[in-house]
Amino acid sequence: DIRANEQIGLLVMHTVWFREHNRIADKLRLYNPHWDGERLYQESRKVVGAAMQHITYKHWLPHIIGPKGMEILGEYKGYDPTVNPSIANVFATAALRFGHTLINPILQRLDSSFKTIKEGHLMLHKAFFSPWRLVEEGGVDPLIRGLFTAPAKLKKPDENLNTELTERLFESGHAVALDLAAMNIHRARDHAIPGYIEFRKFCNMTEVDTFDDLRHEITDPEIRKKLQELYGHPGNIDVFAGGILEDQAEGARVGPLFRCLLIEQFRRLRDGDRFWYENPSTFQPEQL
């Protein structure tokens, strides 16, 4: 799949987890020389999956949905076979794409002394579909150091996605550069996703008849004015556009609508998964 090379920062993460899988498999083979390759693979996969679940829910999600969001999500109470753990259309095509607001326009690359490597930092548009840079420009470590030392991009009312994503997306691989924000809006339309106002109703938010009714979630009057010029009526606002333009909720990196949709999805993913890492049937207490 060509998308494995989509962005060098992602490629670094794939490589680190791939190596972790193999590290665990080597250890398990020492302790269980009677296991065949399939058993070693599945047991290693299970441990790596558990690590990713733990990091996502205990270390990442609290920063995204904030303390109030985590309180609404609640603690794990055990597997519920009545919960459908599949991915909601609106989550895949709109809500989780809030993450595009966190992406920096520059990938920092640092040596073991945390100084810039001789090849320099990497502009994001040069990181798309360029896996050769991983081989020829310092390997995995400089990028990992850059990722964990640089803060996420600051979301601003007038710049939610950086211009490397909206003006120069996949520039190296396409005759014409793409616009990720526009793609997100169009993808939701392609998937027949209802608009922003409909999902406000789903999340029990206040009713909206005018653009002034959005003032509690989209406090910048200039942004509301732009929305009115573009959409004419609040009922026409796309769910991605409306959700991404909301002010961040208290202690969160998303607005109220996307927080609601993220909580709903991450609850389903956890409670409806019989292989969830905290399910007593998945690991022995000592393993956990």
Side-chain angles (χ1 to χ4, degrees), residues 13 17 20 45-103 148 151-152 155 160 184 188 191 193-208 214 216-219 239-240 242-288:
M13 289 297 291
W17 285 102
E20 175 65 356
R45 179 176 182 265
K46 175 177 164 183
V47 173
V48 167
M52 294 198 76
Q53 287 177 341
H54 180 79
I55 289 169
T56 301
Y57 279 73
K58 305 296 185 183
H59 298 280
W60 181 76
L61 202 54
H63 293 287
I64 301 305
I65 62 175
K68 184 178 179 182
M70 292 300 293
E71 186 181 330
I72 296 169
L73 177 65
E75 295 294 325
Y76 179 65
K77 301 272 196 330
Y79 169 56
D80 184 347
T82 67
V83 173
N84 179 357
S86 64
I87 303 297
N89 209 348
V90 69
F91 178 82
T93 56
L96 191 62
R97 292 169 184 270
F98 89 89
H100 295 155
T101 68
L102 307 178
I103 300 172
F148 73 66
K155 180 182 179 296
N160 294 280
N184 290 343
H191 284 242
I193 298 294
Y196 171 64
I197 301 304
E198 294 306 310
F199 281 104
R200 283 181 63 104
K201 295 174 185 174
F202 173 81
C203 289
N204 296 314
M205 295 170 68
T206 56
E207 289 192 15
V208 172
L214 299 173
H216 300 297
E217 291 80 28
I218 304 175
T219 57
V239 62
F240 176 77
I244 217 73
L245 289 171
E246 287 183 348
D247 297 352
Q248 293 172 350
E250 186 179 353
R253 289 301 303 252
V254 290
L257 180 76
F258 279 178
R259 183 177 65 180
C260 160
L261 297 174
L262 290 170
I263 291 169
E264 174 71 15
Q265 181 66 73
F266 279 104
R267 182 190 292 118
R268 283 170 46 180
L269 283 169
R270 179 192 67 184
D271 297 351
D273 179 7
R274 63 192 175 96
F275 298 112
W276 180 254
Y277 83 104
E278 293 174 297
N279 186 340
S281 67
T282 302
F283 290 103
Q284 298 294 327
E286 297 86 352
Q287 291 177 299
L288 195 58

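Since we're looking at a predicted model, the values are computed, not measured.
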Is there side-chain contact between [X] and [Y], with heavy atoms separated by less than 4.5 Å?
| X | Y | value |
| --- | --- | --- |
| Trp276 | Tyr79 | no |
| Leu96 | Leu261 | no |
| Gln265 | Val90 | no |
| Leu245 | Tyr196 | no |
| Tyr277 | Leu288 | yes |

**Prompt:** Tell me, which pairs form a side chain to side chain donor-acceptor pair (under 3.5 Å) where one or both residues lie in residues 61-77, sequence neighbours left out?
**Reply:** none

Heavy-atom pair with the smallest gap, counting every atom of [X] and [Y]:
| X | Y | answer |
| --- | --- | --- |
| Cys203 | Leu257 | SG-CD1, 4.0 Å |
| Pro85 | Gly272 | CG-O, 3.4 Å |
| Pro67 | Gly251 | CD-O, 3.9 Å |
| Arg97 | Ala92 | NE-O, 2.9 Å |

Can you measure from [atom1] ([X]) to [atom2] ([Y]) and round to the nearest 0.5 angstrom?
| X | Y | atom1 | atom2 | answer |
| --- | --- | --- | --- | --- |
| Phe202 | Cys260 | CZ | SG | 6.0 Å |
| Asp273 | Asp80 | CG | CG | 12.0 Å |
| Phe98 | Ile244 | CZ | CD1 | 8.0 Å |
| Arg270 | Leu61 | CZ | CG | 9.5 Å |
| Gln248 | Ile64 | CD | CD1 | 9.0 Å |
| Met52 | Glu20 | CE | CD | 11.0 Å |

**Pair Glu246 + Arg259, salt bridge at N-O below 4.0 Å** = no

If only atom types and distance count, is the side chain of [X] paired as donor or acceptor with the main-chain N or O of [Y] below 3.5 Å?
| X | Y | answer |
| --- | --- | --- |
| Lys46 | Thr282 | yes |
| Arg267 | Ile72 | yes |
| Asn279 | Arg274 | yes |

**Request:** Check the angle between the aromatic planes of Phe258 and Phe240 and answer parallel, tilted or perpendicular using the 30° and 60° thresholds.
**Result:** tilted

**Fill in**
Exactly one of Val239, Asn184, Ile193 clears side chain to side chain contact (heavy atoms under 4.5 Å, CB included) with Thr93, and that residue is Ile193

**Message:** As a quick check of understanding, evaluate side-chain contact (heavy atoms from CB on, under 4.5 Å) for Lys201 and Glu207, giving each step before the final call.
**Reply:** CA-CA 7 Å; Lys201 295 174 185 174; Glu207 289 192 15; 5.8 Å; no

**Item:** For Asn84, side chain to side chain contact (heavy atoms under 4.5 Å, CB included) partners two or more places apart
**Value:**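 Ser86, Arg268.
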
**Message:** Looking at Gln287, I'd like to know if its CD atom is crowded, meaning that more than 12 non-hydrogen atoms belonging to other residues, nucleotides or ligands lie closer than 6.0 Å.
**Reply:** yes

**Request:** Would you check if there is a donor-acceptor pair between the side chains of Arg200 and Thr206 at a distance under 3.5 Å?
**Result:**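 Arg200 and Thr206 do have a side-chain donor-acceptor pair below 3.5 Å.
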
